[in-house]
Amino acid sequence: QVQVVESGGGSVQPGGSLRLSCVASGNIFRLDTMAWYRQGPGKQRELVASVSRENTINYGDFVKGRFTISRDNAKNTVYLQMNNLRPEDTAVYYCQVQNTDWELIRSAYWGQGTWVSVSL
């Protein structure tokens, strides 16, 4: 089993910045894609950004150059730097990691989420 813990959420004013962190631990063999999703009030969960082990990165269209995802493989950690935050970015942000075990079976694990609130 793999445990996933997010941190770094909070409340900011529009235009502000936050940096989210997500650490994976436990029975890790090889971490593949690590990603951030979010779910706003009354909305479906959507992909914010993902980064493969080879550092191939994808962003949701709404990011528009405001967010940056990065990972530290030595620390089993993925980060999300969020700048120029907008009220519509208010959501619970979830981290998902994919772990491939020694039998080459890939499984996805989710964190509990961290709340980000953007308002005046």
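Nothing fancy with the numbering, it's 1 onward along the sequence.
Of the possible polar contacts, none joining the N58 side chain to the A49 backbone as a donor-acceptor pair under 3.5 Å is found. Using modelled atom types, one side-chain atom of T90 and one backbone atom of V118 make a donor-acceptor pair closer than 3.5 Å. Not a single donor-acceptor pair under 3.5 Å links the side chain of D101 to the backbone N or O of F29. Under a 3.5 Å cut-off, the side chain of Q112 and the backbone N or O of V5 do not form any donor-acceptor pair.
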*Please lay out, stage by stage, how S25 and N76 fare under the test side-chain contact (heavy atoms from CB on, under 4.5 Å).*
CA-CA 7 Å; S25 61; N76 295 329; over 6 Å; no
*Does the side-chain contact (heavy atoms from CB on, under 4.5 Å) test come out yes or no for Y79 and T68, once each step is laid out?*
CA-CA 8 Å; Y79 305 97; T68 302; over 6 Å; no
*Give the intermediate values and the outcome of side-chain contact (heavy atoms from CB on, under 4.5 Å) for residues M82 and V116.*
CA-CA 10 Å; M82 303 187 294; V116 171; 4.0 Å; yes
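Annotation: cation-pi pair R38/F62 present, NZ/CZ under 6.0 Å from the ring centroid and within 45° of its normal.
For the residue pair S17 / N83, a side-chain donor-acceptor distance below 3.5 Å is found, with atom types taken as modelled. N73 and R71 share a donor-acceptor pair across their side chains, judged by distance under 3.5 Å alone.
Here the shortest heavy-atom pairing between L80 and F67 reads CD1-CB, 4.1 Å.
Y59 is not listed as a side-chain neighbour of V51, based on a closest heavy-atom distance of 4.5 Å or more. In this structure the side chain of Y94 reaches within 4.5 angstrom of the side chain of R45, judged on heavy atoms.
A side-chain contact (heavy atoms from CB on, under 4.5 Å) with Y109 is found for exactly one of Q98, Q96, Q1, Q3, namely Q1.
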